[in-house]
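Heads up: the structure comes next, in structure tokens.
A note on names: the letters A, B, ... follow the listed sequences, proteins ahead of strands, and every chain is numbered from 1.
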There are 2 protein chains.
Amino acid sequence: MHANVKQNVVPLITPGLKVACSQCNLRELCLPFGLDDVDMARLDNLIGGGRKLKRGQHLYRAGDPFESIFAVRSGFFKTDVLTEDGRDQVTGFQMAGEILGMDGISTELHTCNAVALEDSEVCLIPFTELELLSSEIHSLQHHLHKVMSREIVRDHGVMMLLGTMRAEERLAAFLLNLSQRFSARGYSHTEFHLRMTREEIGSYLGLKLETVSRAFSRFQDEGLISVQQKHVRIIDLPRIKSLLAPPDGRIA
Amino acid sequence: MHANVKQNVVPLITPGLKVACSQCNLRELCLPFGLDDVDMARLDNLIGGGRKLKRGQHLYRAGDPFESIFAVRSGFFKTDVLTEDGRDQVTGFQMAGEILGMDGISTELHTCNAVALEDSEVCLIPFTELELLSSEIHSLQHHLHKVMSREIVRDHGVMMLLGTMRAEERLAAFLLNLSQRFSARGYSHTEFHLRMTREEIGSYLGLKLETVSRAFSRFQDEGLISVQQKHVRIIDLPRIKSLLAPPDGRIA
DNA sequence: TTCTCGCATTGACACAGATCAAAGGGGCGC
DNA sequence: GCGCCCCTTTGATCTGTGTCAATGCGAGAA
């Protein structure tokens, strides 16, 4: 919180950190997806470098001028929006291979905050240059559109969650989502470390932290998970999935 | 390319309906924004035609193959997602000049339903061809990205609404949003006809229809609006705006 | 190591909004 | 133009989650 940052606005770029897309084990999840070697080299060429962030550090803040999007190389982020009247809504959690910052394209200003929840590294992708290159490489252009579209679809899922689900359903959906994403990155899908606090989970799920905590405890009591602070182990995945069916079992 | 299968899911295109972008009074709101005459003619050229929909008709359904995005020429739409377990969430209401269908880019399938809430007309914009053209016209490419980004930002706003606001705040935000959008289209910002039911408003706002109805009544009792069925007149806009500040008046 | 502060857990109670129920009223199809 | 049915309104009650409060645990700092 009281980070003794020398410059807290200007991104500190670490050119030495740069890793070629072609050497990156995330390339199948990230922007280079589907590019051949030649085109990947061209993408490599425009990536401005990397940036390391300590836990708690902001990658960008609402109001910052938009210049780049970011690919998470390692670590874990949250994005949140806050209104002038003090409301705070976590809009997402991002892990390796996911893209951050697309909210800034529309107004040339970032509209949310992105904060590292653990020590993290990102790749900077200057957006103007990305547009230029994507007009030359059709598969890159199309993949960029898919990434943006996926973000829209993801947001619709969150709206569904916030609009229609009860507290335990929300938490179940959240855990299943994390499980699936960790799994896609080669980590265990039954055991993982939460990088965010109960309050941040609550903000994301539209619940108060106490409600989140109670739901965790209830899940543990029922033998669905074992949870100790931020460590979670999924015990009964099928039954967690079944929580997402409505209580009366009605079908569409 | 034209493996034309005739079944009832195929959009019925009405070529005669086509209106040139350059002649369209929505061009400043819509995709052609910022294009010069020559480029606008090229965009005109790819727009496949128009389609008319009757009230209640689907423009597309979840699962339909994605081929085009749509620009609303006239009328009013809702989009909604429904899960196999019967949940239904309205994700947005779209009016003239707004773009529909970008959810389908990521999987090549539409992920939500789009329904006309009154007799409406749309322009079909074949997406593959739009990508091709946008790689040649930089301002078109950039504007498309802005439109997609704006959708992401809008969704964040809805997440904020669903995650942090109380019923009357949600309705106030909804009315202000409609007011602003009608106003941007040259209609009165204080008097308009709601095209959707209380249930659809409720689904969008994460509330039950009775709660929406009660909130309307309360607003009327307090002299903020006058409402009779679907007709709404904004009486005290400043006080409606002030509802969006939190009750305790705390500041960030 | 020990201290400390932020984070998490748990309980008691309050309340906003959901649910259940009933009665018009108006728009749309015929 | 008429009639039906869906939409809307309003009331009474229930309940899930918020709020307030107190205690406890553990990670990180010195």
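- The distance between atom NE2 of His231(B) and atom P of dT8(D), rounded to the nearest whole Å, is 15 Å.
- The heavy-atom pair separating Leu162(A) from Leu162(B) by the smallest distance is CB-CB, 3.7 Å.
- Among the atoms of the strands shown, none is found under 4.0 Å from any heavy atom of Arg218(B).
- Regarding Asp119(B), its CG atom lies at a distance of 14 Å from the C1' atom of dG29(C), rounded to whole Å.
- Taking the six-membered ring for Trp, Tyr187(A) and Phe192(A) have ring centres at least 6.0 Å apart.
- The nearest whole Å value for the distance from the CD atom in Glu118(B) to the C1' atom in dG27(C) is 15 Å.
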So if I define the base as every atom that isn't primed, P, OP1 or OP2, how would nucleotides 7-19 of chain C read as a B/S/- string at a heavy-atom cutoff under 4.0 Å? SSBBBB---SSSB

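- Counting to the nearest Å, the P atom of dT9(D) and the CZ atom of Phe219(B) are 13 Å from each other.
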Quick one: side chains of residues 211-228 of chain A, donor-acceptor pairs under 3.5 Å with protein atoms, not counting sequence neighbours, listed by atom name and distance.
{"residue": "Ser217(A)", "atom": "OG", "partner": "Ser213(A)", "partner atom": "O", "Å": "3.1"}
{"residue": "Arg218(A)", "atom": "NH1", "partner": "Glu168(A)", "partner atom": "OE2", "Å": "3.4"}
{"residue": "Gln220(A)", "atom": "OE1", "partner": "Val227(A)", "partner atom": "N", "Å": "2.8"}

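- In this structure, Phe182(A) has its ring center at least 6.0 angstrom away from the ring center of His189(A).
- Remark: Asp155(A) pairs with no residue by the salt bridge (charged side-chain N to carboxylate O under 4.0 Å, His left out) rule, at least two apart or across chains.
- The nearest whole Å value for the distance from the CG atom in Leu205(A) to the C1' atom in dG18(D) is 15 Å.
- A tilted orientation is assigned to the rings of Phe93(A) and Phe76(A), their planes being inclined by 30° to 60°.
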